[in-house]
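Please see the structure below; I have some questions.
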2 protein chains.
Amino acid sequence: MKSNITIKDVAKKAGVSISTVSRVINDSKPVTDEVKQKVLDVIKETGYIPNPLARSLVTKKSQLIGVIVPEVSDSFVNEILNGVEEIAKMYDYEILLANTYSDKEQELKSINLLRAKQVEGIVMISWIVEEEHVEYMQKCGIPASYISKTARDYDIYTVSTSNVDATYDMTKYLLDKGHEKIAFVMTSQDDTILERERLAGYEKALTERNISLDENLIKHGTTTYEGGYNSMKEMLDQGVVPHAAFVTGDEAAIGAINAICDSGYRVPEDISVAGFNDVKIAKMYRPKLTTVHQPLYDMGAVAIRMVIKMINKEILEDKKIELPYRIEERESVIERR
Amino acid sequence: MKSNITIKDVAKKAGVSISTVSRVINDSKPVTDEVKQKVLDVIKETGYIPNPLARSLVTKKSQLIGVIVPEVSDSFVNEILNGVEEIAKMYDYEILLANTYSDKEQELKSINLLRAKQVEGIVMISWIVEEEHVEYMQKCGIPASYISKTARDYDIYTVSTSNVDATYDMTKYLLDKGHEKIAFVMTSQDDTILERERLAGYEKALTERNISLDENLIKHGTTTYEGGYNSMKEMLDQGVVPHAAFVTGDEAAIGAINAICDSGYRVPEDISVAGFNDVKIAKMYRPKLTTVHQPLYDMGAVAIRMVIKMINKEILEDKKIELPYRIEERESVIERR
DNA sequence: CTGAAAGCGCTAACAA
DNA sequence: TTGTTAGCGCTTTCAG
């Protein structure tokens, strides 16, 4: 049973040459039915499994696709990963995961690690796209697609949803519900492009209503629950009490809700809260979170399909795919009386 | 830059033989400092990366460890995975993940897939341990460790926490808080051993207080949020209103809480709820979930350390490692007045 | 339709 | 200390 059985053993036992065995396992060339059956029997009998290492070494195909993520346990990432994985399996690719913890150095290391492992393509999920890394990957000529909220500026294959529009729409929605003092808690770890874009959407909506930007209502946090909690807590402790809070990440939004409750306010009665992404927990928490729904699973699926197509040298219609988002009205935002 | 550079190219460019190059990249044999430097320079210059496929083919070491899980997105699994991953990286192993969706067939397929991919060992996370699969793995002689709540019965390497004791303790805790009608919602997809064990713990605690088992208070659900929601909803709809509910999984417990709230009761004022595992969301939800804390990260770390040791033929003191659990008192359980 | 042989990129004896 | 050489298990010409 120990997998020491090689193609040679099978060939000997079946009384044929190794090339014949190779032909039947790949059915790459015609083989007499009789011989074929014989070989198949021996394979079953011995429990032979072809060694993919040896195979890859000669074919240069590893059937491996690398996926680089900022943090596996982040639910946003997680749900995208589901899509990536399922499609990969469908096409008989294996996923090699690399976690960067949003560290630029680590990201570069991961690229090299994956390259070393002979991945045929890479799906990159990243909060911020590093120009340097983009160039590096292009120079390596490795098929890649990006899932990122800031990738549109580069000449690379990306799947995304529109940030500015979504932020604008949600802010507008909040405004329409009668909220004027809207806290804006960003969750984008010191990235300038992303924050700038989002801020632009937020600002645009306010400006349309002739509401001026209040710096005290803006916080730069992180994507985590703790990030949202701390940002909100800080604001409240400074005596700034908004009508509503728009937090650009669901876990952080829930952190914010808890901070609000811990400070003695109620959600949504006193302060409405809106999130971003629509991850699983958004429906589990009470009050259910009103949020910007993103088709996470699909984003993953589309991204990996792109790289598989690139691997197969198929033609891709679009370099940039933008998937639709929508505002998912639930319970955490109510009309302000 | 394209990684077509082989050891040969480096050798030629450095004016040495390929074995010398091999020696410096592995520093397996002494090489003159001068020559070494020369080779190192060429490597840097060309951006050469050794092909691990070729290397593995000859050394028979893939630096790959397979991890089989019932469901990546389950937070219990997820948090264990963090531990597994981190330790793997520490020892320079790469993780190959296989998702079985708790399907027996798929699990067998995964074992073979991983075997085919030449993994050096396997960490198996599974709700139920299949005897058949255990035997198969043993026959293959592949180093493996199991994280499972029902693995103790087999002669295999396992890491776990004590189910019966934990269930007993939590039930007792609930009893001590003055709850007598305690709903018991299991989350173990039709597994008999696990359910039997847990039920035993639950029953033992009740018996000690001379409380007889009420079948109406017992539900067999699934690990998911929905599973917990539906089980609880069903019970309530049948007119059975317990003093407390003990749900053997946190996500399901939160589902149960929501079902309770949706039926017009309050948690914990009307009905207390306790969970199991202590995953991230247990602290995020409000009321914060009182639950059985399990050292998830450590379980993963210990499990993979076991297989790494087995790979290195080191001696393992224990075949069965049982990690401590504890009852984490938070807000979802209160004293019954 | 089948076999012999070359070679994928690397490591590990074995000589020198 | 270094180079030569024989494979690792497989696919793929190239002859037959």
Side-chain angles (χ1 to χ4, degrees), chain A residues 2-40 42-43 46-64 92 94 112-120, chain B residues 2-40 42-43 46-64 92 94 112 115-120:
Chain A
K2 291 201 153 207
S3 60
N4 297 326
I5 308 114
T6 75
I7 195 171
K8 248 186 215 162
D9 303 325
V10 176
K12 198 181 297 171
K13 211 158 181 175
V16 297
S17 75
I18 59 167
S19 3
T20 304
V21 176
S22 173
R23 273 161 202 143
V24 351
I25 58 186
N26 298 305
D27 61 11
S28 44
K29 285 273 173 73
V31 175
T32 328
D33 276 353
E34 196 186 353
V35 179
K36 190 176 194 164
Q37 199 48 55
K38 176 77 191 155
V39 173
L40 253 21
V42 175
I43 288 177
T46 54
Y48 165 69
I49 303 178
N51 184 332
L53 256 47
R55 180 179 280 171
S56 296
L57 189 58
V58 19
T59 60
K60 309 282 191 199
K61 311 212 87 240
S62 61
Q63 293 295 352
L64 245 38
D92 257 323
E94 211 62 26
N112 280 326
L113 180 83
L114 294 178
R115 240 158 59 83
K117 291 279 180 190
Q118 311 298 115
V119 297
E120 295 180 40
Chain B
K2 290 202 152 205
S3 60
N4 298 325
I5 308 113
T6 75
I7 195 170
K8 248 186 214 162
D9 303 324
V10 176
K12 197 181 298 171
K13 209 156 183 179
V16 297
S17 75
I18 60 167
S19 10
T20 304
V21 177
S22 174
R23 274 160 202 145
V24 350
I25 59 186
N26 299 304
D27 61 13
S28 45
K29 284 274 173 71
V31 175
T32 328
D33 276 354
E34 197 186 353
V35 179
K36 190 175 195 165
Q37 199 48 55
K38 176 76 190 156
V39 173
L40 254 20
V42 175
I43 288 177
T46 54
Y48 164 69
I49 303 178
N51 184 331
L53 256 47
R55 180 180 282 172
S56 295
L57 188 58
V58 19
T59 59
K60 310 281 191 199
K61 310 214 88 237
S62 62
Q63 294 297 351
L64 245 37
D92 257 324
E94 212 63 27
N112 280 326
R115 239 158 60 82
K117 291 279 180 190
Q118 312 297 115
V119 297
E120 295 181 39

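So that the names make sense, note that chain A is the first sequence line, chain B the second, and so on, each numbered from 1. Fair warning: this is a prediction, and the values are worked out from it, not measured in the lab. Excluded from the calculations below are hydrogen atoms, water molecules and symmetry mates; all remaining heavy atoms, backbone and side chain alike, are included.
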Enter the distance from B:Ile18:CD1 to B:Asp9:CG here, rounded to the nearest 0.5 Å. 11.0 Å
Go through A:Asn51 and A:Ile7 one step at a time and tell me if the side chain to side chain contact (heavy atoms under 4.5 Å, CB included) criterion holds. CA-CA 9 Å; A:Asn51 184 332; A:Ile7 195 171; over 6 Å; no
Closest non-hydrogen atom pair, A:Pro52 against A:Pro50: CD-O, 3.1 Å
CG of B:Asp33 to NZ of B:Lys38, rounded to nearest 0.5 Å, is 15.5 Å
Where the side chain of B:Ser62 meets the backbone of B:Leu64, is there a donor-acceptor pair that is under 3.5 Å apart? yes
Do the side chains of A:Lys117 and B:Gln63 get nearer than 4.5 Å, heavy atoms only? yes
Within residues 8-16 of chain B, residues whose heavy atoms come under 4.0 Å of DNA chain C: B:Lys8
Per nearest nucleotide of DNA chain D, the residue lying toward the 5' end, B:Pro30 or B:Lys60, is B:Pro30
So if I take the C1' atoms of five pairs at each end of the helix from C:dC1-D:dG16 to C:dA16-D:dT1 and get each local axis, what angle do the two axes make, rounded to 10 degrees? 40°
Strictly under 4.0 angstrom, non-hydrogen atoms only: write out the protein contact profile of nucleotides 11-16 of chain D, one letter per nucleotide from the 5' end, B, S or -. BBB---
B:Leu57 CG to D:dC10 C1', straight-line distance once rounded to whole Å: 8 Å
Give the first and the last nucleotide of DNA chain C, reading 5' to 3', that has any atom under 4.0 Å from a heavy atom of chain B. C:dC8 to C:dA13
Is it the case that the side chain of A:Thr6 and the backbone of A:Lys8 share a donor-acceptor pair, with hydrogens and angles ignored and the cut-off at 3.5 Å? yes
pair B:Thr46-B:Lys13: side-chain heavy atoms closer than 4.5 Å: yes
For B:Glu120, what residues pass the salt bridge (charged side-chain N to carboxylate O under 4.0 Å, His left out) criterion, not counting sequence neighbours? B:Lys61
Side chains of residues 20-31 of chain B: which donor-acceptor partners sit under 3.5 Å, not counting sequence neighbours?
unit_1, atom_1, unit_2, atom_2, d
B:Thr20, OG1, B:Ser17, OG, 3.2
B:Ser22, OG, B:Asn26, ND2, 3.4
B:Asn26, OD1, B:Arg55, NH2, 3.3
B:Asn26, ND2, B:Ser22, O, 2.9

Nearest atoms (heavy-atom pairs only) where A:Tyr48 meets A:Ile5: CD1-O, 3.3 Å
